[in-house]
Amino acid sequence: MVFTLTSSQIAGIFTSASLAFAVTSIITSVGYAAAEYRNSESSALLKWKTNLDNQSQASLSSWTSSTSFCMWQGIVCDEYKSVSTINVTNLGLRGNIPKEIGELRSLKYLLFGSNRFYGSIPSTIGMLTNLVELDLSQNSLSGTIPSITNFINLEKLWLFNNSLSGPIPEELGKLHALTTIKLLNNNLSGPIPSSIGNLVNLTTLQLTNNSLSGSIPPILGNLTKLVYLSMANNRLSGSIPISIGNLVNLKGLSISENNICGPIPSTIGNLTKLNFLLLYMNNLNGRLPPEMNNLTNFQSLQLSYNGFTGPLPQQICVGGSLRKFTAENNYFTGPVPRSLKNCSSLVRLRLEQNLLSGNISDDFGVYPKLDYIDLSSNNFYGHLSPNWAKCPSLTSLRISNNKLSGVIPPELGQALKLSVLNLSSNHLTGIVPRELSNLTSLFKLSLSNNELSGNIPIEIESLLSLELLELAANNLGGPIPKQVGALLKLFHLNLSNNEFMGNIPFEFGKLQHLQYLDLSRNLLNGPIPSTLGKLQMLEKLNLSHNNLSGTIPSDFKDMFSLTHIDISNNQLKGPIPNSQPFLKAPSDAFQNNKGLCGNVSGFMACPKMTHNPHSQKKKHVLILAASISGALMLIVVMVRVSLHIHCQREARETEEQATEEQIQNLFSIWNYDGHIVYENIIEATEDFDDRYLIGEGGSGAVYKATLHTGQVVAVKKLHATLNGEMHNLKAFKSEVEALTKIIHRNIVKLYGFCSHPRISFLVYEFLEGGSLDKVLNNDTQAVMFDWNRRVNVVKGVANALYHLHHGCSLPIVHRDISSKNVILDLEYEAHIADFGTAKILNPDSQNFTSFAGTYGYAAPEFAYTMEVDEKCDVFSFGVLSLEIIMGKHPGDLISSLFSSAATSTASNLLLKDVLDRRLPHPMMPIVKEVIFIAKITFVCLSQSPLSRPTMEHVYKEFVMPRSPLLDSFPIVTLGELLYN
């Protein structure tokens with residue numbers, strides 16, 4: 001505290017006569033000022049308390065006017081009885097930080113972390129010139145960082161886990177006492193101030209998870225006391241500065257998930273104390289400097305998703321402390337590091353998608369702590385070692401797509417914690433060991449594309465946790481054991497391309513979670529079991545190229561979830577089910593059977609049964625008439641399609657030139673360079689070879705094509721019928737019509753198209769992130785798909801739908817919003833794709849339609865009406881949003897919402913109970929976004945279309961300050977969405 005003396009008082013001190021009076025006067029003035037100051041402190045704190053919510057006030061029950069504030073919870077006073085510390089960390093307080101905080105001039109420690117404070121940081125906080133520590137972390141604070149010029153004594157600045165925006169203040173570099181700066185997990189933007197390089201006492205600088213841009217300032221090399229430096233998940237570019245080698249005390253360096261390019265500087269070899277080096281997901285390239293072999297104390301080295309070449313560093317585990325080493329998706333060559341063989345500390349190893357080589361039997365040892373290893377897609381050879389069974393903590397063993405030979409060691413059955421075993425695409429021989437049935441924790445088993453023989457062991461029924469079983473493309477034979485039907489959690493079963501014989505087990509009808517079933521290209525015979533019709537979640541069914549006989553079970557008409565069907569090349573006869581999945585399937589899905597009939601293009605209508613004695617004669621007449629009529633219809637369709645062949649170019653010329661170009665080259669498409677022709681697409685995909693197949697849907701298959709220009713595109717080839725007619729010309733035209741009218745960052749770009757009776761395709765931008773459903777179904781990718789990215793994907797889809805519904809001249813309803821039709825780029829930006837079912841609404845008429853969409857996403861009103869409007873997309877958006885935060889399709893949860901027990905179900909369920917468990921629970925500030933998505937999701941899932949918001953409402957809720965809009969809609973709250 002500072003107190004002033006009047007001039008008369010000072011003069012009195014020097015006169016002996018008035019000395020006693022002066023002393024008395026000074027003490028009185030000081031005492032009065034101190035008491036007045038303490039009263040103002042007490043008043044400020046009590047006033048602040050009354051502005052908090054009731055629960056917060058209860059947490060501060062000791063704060064009363066009847067008690068000295070020095071005795072209050074969280075308050076510490078100095079020798080002058082003034083507040084020097086406020087520590088209310090983790091009390092769950094909710095409210096604003098008051099501007100009166102600036103009156104507490106004696107404060108040294110202001111610790112407000114891990115509460116629920118919101119609003120901006122008051123500018124008056126800059127008046128606290130004595131502050132040593134400021135902790136406002138893990139709240140919901142927004143706005144910019146206020147002026148901090150006066151914090152000359154500040155040593156620790158903790159503002160992480162909030163929603164602060166704007167730049168990092170340049171004046172931060174003037175606070176020379178600072179030792180710790182934690183600004184991670186905010187929305188800060190702009191460059192990293194070079195002035196931070198003046199903070200020579202800094203030991204910790206954490207800027208991760210913001211939107212910072214520009215390059216890494218070389219002046220950071222001045223911070224020689226730095227121990228931890230993290231700048232991950234920003235938008236930084238440029239190269240790693242050479243001056244990084246000056247940070248010789250650094251133990252942790254993270255610049256992952258940026259746009260950093262170029263090679264790693266050789267000066268990194270100076271950082272011999274490094275325990276953590278995280279460089280993954282950048283544009284780094286070149287060979288690793290040999291100086292990296294100086295770094296022998298690694299606990300975690302992560303180099304994934306860059307463009308590195310050459311050998312891996314050989315000495316990374318010399319220090320014996322390496323726990324995590326990831327280098328996947330690069331171009332590394334040569335052997336694995338020598339020091340890895342005896343690296344007993346190793347917990348996680350990812351080297352997949354490289355060009356590594358060596359004898360796998362010799363290069364790897366026994367790892368007592370190893371949990372996860374992926375060596376897939378390299379050039380390793382040799383036999384699988386039984387030593388993998390001696391890794392007692394191993395849960396995932398993935399060595400697919402290499403050159404392994406020999407047998408699968410039976411000893412693997414001793415690795416009892418194994419949950420994922422993928423040895424596919426090698427040259428393994430012998431049998432499937434029955435000892436694998438001991439792996440009761442196994443939920444993914446993939447042994448496809450090997451040379452295995454013998455039978456599937458009946459002991460497989462012990463693998464009750466199994467969700468994926470892939471044994472395709474081997475030499476397995478004998479009957480398919482009925483015990484496979486006991487694996488009730490299976491959602492993916494592929495036994496194709498083997499020599500299985502006998503009947504399809506009727507026990508497969510018990511596999512109620514099955515989404516994918518492929519038994520094609522075997523020697524199966526007998527009828528198709530009617531029990532398969534009970535598989536209500538089945539999306540892909542392939543029974544082609546067998547000797548199946550009889551009819552298609554009538555129960556199949558109720559399998560509305562099917563998106564892909566192939567029962568071709570069998571001995572089937574009788575009617576094709578008259579339901580949408582079968583009617584939408586391409587005719588080649590039924591070809592080469594004994595006598596199928598039905599309402600499918602290229603097939604005769606089934607004859608009507610009659611008791612007329614002359615019915616046989618009439619039947620022939622009817623068939624002949626139908627054949628003639630069908631032939632005439634086909635001719636008309638072919639003529640019309642031929643007349644409507646059209647191929648567009650980006651560099652549009654005059655109408656006459658365009659017409660001439662169409663005549664000369666019916667298959668040309670328009671693209672960036674304006675002259676890519678049909679032959680380029682055929683060449684790039686090797687006539688649509690399956691090796692380039694990246695996805696399939698009801699209307700076509702999608703291929704990845706690298707054109708002669710080097711450009712990578714996605715080509716959607718529409719299914720064709722037996723006679724060459726395009727399967728669904730209407731869908732094709734609908735997709736083209738919709739996409740050519742739309743330009744939006746969250747909607748896939750259409751580069752060009754070709755329409756012709758023999759072959760038709762669309763050419764899109766290629767998005768390397770893949771479809772959302774594949775990301776969610778892949779555990780590794782799902783973990784990388786963190787909460788920030790998931791929230792952004794939901795916002796991106798909302799933005800796209802808002803544009804479709806409200807930003808086009810006529811509203812466009814997509815009608816098939818699902819995780820399969822949301823494609824991600826490498827930045828996890830969402831793009832809506834597949835407009836084959838899109839409908840442009842006519843405002844002057846009712847809009848009725850046949851069913852379109854994906855089972856599990858369609859609005860419930862489709863069960864009783866075929867009228868389509870924007871609210872159909874709103875419902876699908878709700879399902880998709882819930883799927884994103886749950887990590888899986890929310891089928892059972894949605895069903896419960898529409899049941900009579902919905903209210904009780906929701907009231908007993910917390911949000912944390914349904915969040916994707918593969919991710920850690922979201923922390924502030926992102927948790928509030930997750931909660932908001934959950935709230936708006938359940939509004940969108942209202943059973944009545946009238947109770948759902950428009951996408952305009954949804955969009956505005958995301959981009960504008962939260963409003964009471966949601967209160968006007970009924971909402972299932974999941975126990976008020978408490979996050980306890």
Side-chain angles (χ1 to χ4, degrees), residues 407-408 423-434 436 445-461 463 466 468-487 490 492-511 514 516-533 535 538 540-553 555-556 559 562 564-574 576 585-586 588-596 690 696 722:
V407 301
I408 300 173
L423 305 175
S424 61
S425 299
N426 281 289
H427 304 291
L428 299 173
T429 56
I431 63 172
V432 178
R434 65 183 67 251
L436 295 185
L445 175 61
S446 183
L447 305 176
S448 298
N449 291 294
N450 280 290
E451 299 165 24
L452 301 172
S453 56
N455 300 339
I456 298 176
I458 60 174
E459 290 84 359
I460 198 170
E461 65 181 341
L463 304 181
L466 209 59
L468 180 145
L469 176 59
E470 291 183 330
L471 301 176
N474 280 288
N475 300 315
L476 298 170
I480 299 175
K482 64 181 182 180
Q483 286 80 2
V484 175
L487 307 179
L490 273 183
H492 184 109
L493 176 59
N494 190 351
L495 305 179
S496 63
N497 285 277
N498 279 288
E499 299 173 4
F500 293 117
M501 58 184 64
N503 295 343
I504 299 174
F506 73 89
E507 287 84 359
F508 278 14
K510 300 176 183 178
L511 305 177
L514 206 60
Y516 181 105
L517 176 60
D518 192 346
L519 305 177
S520 64
R521 299 184 183 277
N522 279 289
L523 304 173
L524 300 171
N525 54 36
I528 300 175
S530 61
T531 54
L532 294 188
L535 304 180
L538 195 65
K540 181 171 182 178
L541 174 64
N542 192 344
L543 305 177
S544 66
H545 295 87
N546 281 288
N547 293 312
L548 301 172
S549 57
T551 61
I552 302 173
D555 289 346
F556 275 35
M559 299 177 71
L562 284 174
H564 179 94
I565 303 166
D566 192 348
I567 56 174
S568 63
N569 295 279
N570 279 288
Q571 302 295 319
L572 300 169
K573 60 183 180 180
I576 298 172
D588 57 6
F590 310 110
Q591 68 182 2
N592 296 333
N593 272 288
K594 190 173 183 178
L596 292 174
D690 283 349
E696 286 188 284
L722 276 172

K.L.:
For Asn542, enumerate each residue passing the side-chain hydrogen bond (donor to acceptor under 3.5 Å, both in side chains) test, keeping only those at least two apart in sequence or located in another chain.
P.N.:
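Here the qualifying residues are Ser544.
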K.L.:
Suppose we screen for side-chain contact (heavy atoms from CB on, under 4.5 Å). Which residues come up paired with Asn525, at least two apart in sequence or across chains?
P.N.:
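By the side-chain contact (heavy atoms from CB on, under 4.5 Å) rule, Asn525 matches Asn503, Asn547.
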K.L.:
Could you work out, with side-chain hydrogen bond (donor to acceptor under 3.5 Å, both in side chains) as the rule, every residue matching Thr531, not counting sequence neighbours?
P.N.:
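Residues passing side-chain hydrogen bond (donor to acceptor under 3.5 Å, both in side chains) with Thr531: none at all.
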K.L.:
Who are the ring pair (Phe, Tyr, Trp, His ring centres under 6.0 Å) partners of His492, not counting sequence neighbours?
P.N.:
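Per chain and number, His492 pairs via ring pair (Phe, Tyr, Trp, His ring centres under 6.0 Å) with Tyr516.
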K.L.:
Who passes side-chain hydrogen bond (donor to acceptor under 3.5 Å, both in side chains) against Ser448, sequence neighbours left out?
P.N.:
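For Ser448, no residue satisfies side-chain hydrogen bond (donor to acceptor under 3.5 Å, both in side chains) once neighbours in sequence are set aside.
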K.L.:
Looking only at the side chains, is there a donor atom on one of Gln571 and Ser549 sitting less than 3.5 Å from an acceptor on the other?
P.N.:
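Looking only at side-chain atoms, Ser549 and Gln571 do not form any donor-acceptor pair under 3.5 Å.
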K.L.:
Please examine the side chains of Leu436 and Leu463, heavy atoms only from C-beta on, and report whether any two atoms are closer than 4.5 Å.
P.N.:
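Side-chain contact under 4.5 Å: no.
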K.L.:
Please report the shortest heavy-atom distance between Ile456 and Leu495, naming the atom on each side.
P.N.:
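Answer, listing the atom of Ile456 first, then Leu495: CD1-CD2, 4.2 Å.
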K.L.:
Can you tell if the side chain of Ile480 reaches within under 4.5 Å of the side chain of Ile504, non-hydrogen atoms only?
P.N.:
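Result no, sub-4.5 Å side-chain heavy-atom pair not found.
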K.L.:
More than 12 heavy atoms of other residues, nucleotides or ligands under 6.0 Å from NZ of Lys540: yes or no?
P.N.:
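Check passes, neighbour count above 12.
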K.L.:
If you look at every heavy atom in Asn450 and His427, which pair is closest and at what distance?
P.N.:
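Looks like OD1-N, 3.4 Å.
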K.L.:
Under the side-chain hydrogen bond (donor to acceptor under 3.5 Å, both in side chains) test, which residues partner Glu459, sequence neighbours left out?
P.N.:
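Counting only residues at least two positions away or on another chain, Glu459 forms a side-chain hydrogen bond (donor to acceptor under 3.5 Å, both in side chains) with Arg434.
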K.L.:
Mind listing the closest non-hydrogen atom pair of Asn546 and Leu519 along with its distance?
P.N.:
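That closest heavy-atom pairing would be ND2-O, 3.1 Å.
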